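Below is one structure, written out as structure tokens; comments come after it.
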Amino acid sequence: MGRKAAFAQLESHKDRVAKTTMRAMFASDPQRFSRFSAAHGDMLLDYSKNRIDAEALAALFAFARQVELEPRRDAMFRGEHLNETEDRAVLHTALRHQGDGAVMADGADVMPGVREVLGRMRSFVTAVRDGTIAGTGGAFADIVNIGIGGSDLGPVMATLALAPYTRPDLRCHYVSNVDGAHLADTLKGLDPARTLFIVASKTFTTDETMTNANSARAWLAGALGDAAVGDHFAAVSTNLAACDAFGIKADRIFGFWDWVGGRYSVWSAIGLPVALAVGFDVFEAFLRGAAGMDRHFRETPLEQNLPVILGLLGVWYRNAWGFATHAVLPYDQRLSRLPAYLQQLDMESNGKGVTLAGKPVGWATGPVIWGEPGTNGQHAFYQLIHQGTEVIPCDFLVAAIPHESLPPHHDKLLANVLAQSEALMLGKTEDEAIAELKGTGLDKGRIKALAPHKVFPGNRPSNTLMYRQLDPETLGALVALYEHKVFVQGTIWNVNSYDQWGVELGKQLAKALLPKVMGEASAGDHDSSTQGLLRHLHGLRAR
Ligand code: F6P
């Protein structure tokens, strides 16, 4: 059976499942939770509140086997060139590989290089944290990471997630946007003599990053003189020559490799600011957590495999039901940047329109990923999730145990996350709404008028991921879980999840437009909208 036939078969399963509701399925099956939940260590995935039954799930697992998910997964771990358009291996898993074993790519063991960089990172991190490596004005107090996309989002997300492990006297800041406001606001109040910049860029050519890095260097040199630059800059890149040309000292350049995709690079030296913020032992625990999820992904039968289950449920909703978005809703304030991180991971990976063979895909691919932490989202956009016309599958994430001893905050947080998934699943019928309204003493006419507004359709799907505590191992496992989910979906959709040609056109056009924005060239070759906007811009600037 080809993919088209498999997708068609999923639709017929959908037609059956659509005739019932989750409410009914829970009522008729007291074992539903145990049938539709799985675990990795103490991380539990409850996926029972989905529009799914055993038959549909079996069809999804059969689909995964049909597209040879397991051999393809093993090929990735073996270092085969799954990134075909760039002819590269996909080996971010080697960055967190545990033990002394080899990981091969292109006929060579990559692990000696990985271990060497990790060793250099450890020495550097330890020396910065104990003040042995310092700025010209004393121990570093502020670290400013300059990078964008994968050279920013992972470290930003992880530094915040691991806030309980950070030190108040060593603060990490992240500058990504080419908007000068980002750099200016970040540098405001920092002492140049105690600031360390990390220029993080896989290619070391990304315009936003190089523009920010040059301005940061000018800020530092303006305050401390050119001679101080070497003491205040480090770099992370695969382009070692460009780091050298920028003026970064050789012992402050941390390399990685072309088999690490930008959005999969937080495990590499791109994680340096995280390691500086939390210490190297904590960073290693983060890597260990991810390695544990890698083992789970490789060794657990598909039916109990968390990334496989999450990935297949996403395919189910995207392709059989036509749901276009997916919300990630951490009930964990420190995961507030996880949705933004997952936007790049998922949408840059699977936002593709052609197959590996370059033919148009005949099915929907990656959904829009979005989200905000609960409970804030409840007071903003949950209205639409509960009663709007779009169905939005949700992932809820929550820890059993907080880092703070602040009762009753965490119990309230937990009550809220449990309430949301229950409310989405159950909904509220018109009869229930009327019975409730009757209790308020309103007259009949008012009750009739209000009742439709108080009805919740219910039957709205969600997964809940519950873990013990947001510690470094758990964070590593969570991120790796989503990486592998993306792999599973990319395999089903038959796309290359590891290139990103779709970002290139905008970059090319921005380059061509810069002289026109600067008034150095005529915009006559552009469409009338672009010309009109440029005219308006120049008019405003001339005032
Ligand atoms: O333009 C997209 C992209 O290439 C991302 O894939 C990448 O994470 C980001 O730019 C930054 O790239 P670099 O690390 O090379 O500066």
Side-chain angles (χ1 to χ4, degrees), residues 82-92 95 117 144-159 174-179 182-183 197-217 233-246 248 253-274 337-353 366 369 479 482-483 486-487 490 495-514:
L82 296 199
N83 180 355
E84 292 184 15
T85 57
E86 296 178 312
D87 196 15
R88 289 175 184 166
V90 176
L91 261 187
H92 47 277
L95 300 167
V117 174
V144 180
N145 188 81
I146 297 177
I148 196 164
S151 300
D152 169 72
L153 288 162
V156 171
M157 176 274 297
T159 305
Y174 291 90
V175 174
S176 50
N177 200 327
V178 76
D179 184 340
H182 203 175
L183 184 69
F197 289 97
I198 301 172
V199 185
S201 173
K202 180 174 171 183
T203 53
F204 225 75
T205 57
T206 302
D207 191 44
E208 290 92 332
T209 299
M210 298 328 294
T211 304
N212 277 321
N214 284 321
S215 299
R217 184 170 55 186
F233 272 79
V236 181
S237 186
T238 58
N239 187 348
L240 306 185
C243 299
D244 181 53
F246 186 89
I248 312 239
I253 301 173
F254 299 88
F256 62 112
W257 305 271
D258 71 357
W259 40 262
V260 184
R263 52 193 175 274
Y264 298 87
S265 65
V266 65
W267 323 101
S268 72
I270 289 291
L272 184 64
V274 185
R337 295 303 286 163
L338 182 70
Y341 171 79
L342 293 181
Q343 281 178 331
Q344 188 198 15
L345 177 65
D346 199 310
M347 293 165 77
E348 202 172 72
S349 295
N350 285 339
K352 306 286 162 66
I369 303 290
V479 175
Y482 278 102
E483 284 181 348
V486 165
F487 175 89
V495 297
N496 183 352
S497 304
Y498 302 99
D499 60 12
Q500 58 283 321
W501 303 103
V503 300
E504 294 304 324
L505 181 58
K507 287 187 196 173
Q508 279 166 14
L509 295 184
K511 212 178 227 172
L513 274 160
L514 184 60

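Both ligands and their constituent atoms are indexed starting at 1 by order of listing. Not measured: the values here are computed from a predicted model. All residue numbers refer to positions in the sequence shown, counting from 1.
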**Fill in**
Sorted by chain and residue number, the ring-ring contact (aromatic ring centres under 6.0 Å, His included) partners of F254 (sequence neighbours excluded) come out as F124

**Message:** Salt bridge or not between K511 and D207? Use side-chain N to carboxylate O under 4.0 Å.
**Reply:** no

**Asked** Can you list the atoms of ligand 1 that are under 4.0 Å from a heavy atom of V503?
**Response** 1 (O), 2 (C)

**Asked** Does any N or O atom in F204 lie less than 3.5 angstrom from one in ligand 1, N or O only?
**Response** no

**Request:** Ignoring angles and geometry beyond distance, decide whether K202 reaches within less than 3.5 Å of ligand 1 through its nitrogen or oxygen atoms.
**Result:** yes

Considering non-hydrogen atoms of the protein only, which is the closest contact for [atom], and what is the distance?
atom: atom 12 (O) of ligand 1; result: T206 OG1, 3.5 Å
atom: atom 11 (C) of ligand 1; result: I148 O, 3.2 Å
atom: atom 10 (O) of ligand 1; result: K507 NZ, 4.6 Å
atom: atom 8 (O) of ligand 1; result: G150 N, 2.7 Å

**Prompt:** Excluding sequence neighbours, so at least two apart, what forms side-chain contact (heavy atoms from CB on, under 4.5 Å) with S265?
**Reply:** F256, V260, S268, I270

**Prompt:** Where's the contact between Q500 and ligand 1, heavy-atom distance under 4.0 Å: side chain, backbone, both or neither?
**Reply:** side chain

**Item:** Region of T203 engaging ligand 1 - heavy atom pairs below 4.0 Å
**Value:** both

**Request:** Just say parallel, tilted or perpendicular for the rings of F246 and F204, cut-offs at 30° and 60°.
**Result:** perpendicular

**Item:** Side-chain heavy-atom pair I369, P339 within 4.5 angstrom cut-off
**Value:** no

**Proximity winner for atom 6 (O) of ligand 1, if only heavy atoms of E348, E504, R263 are counted** = E348

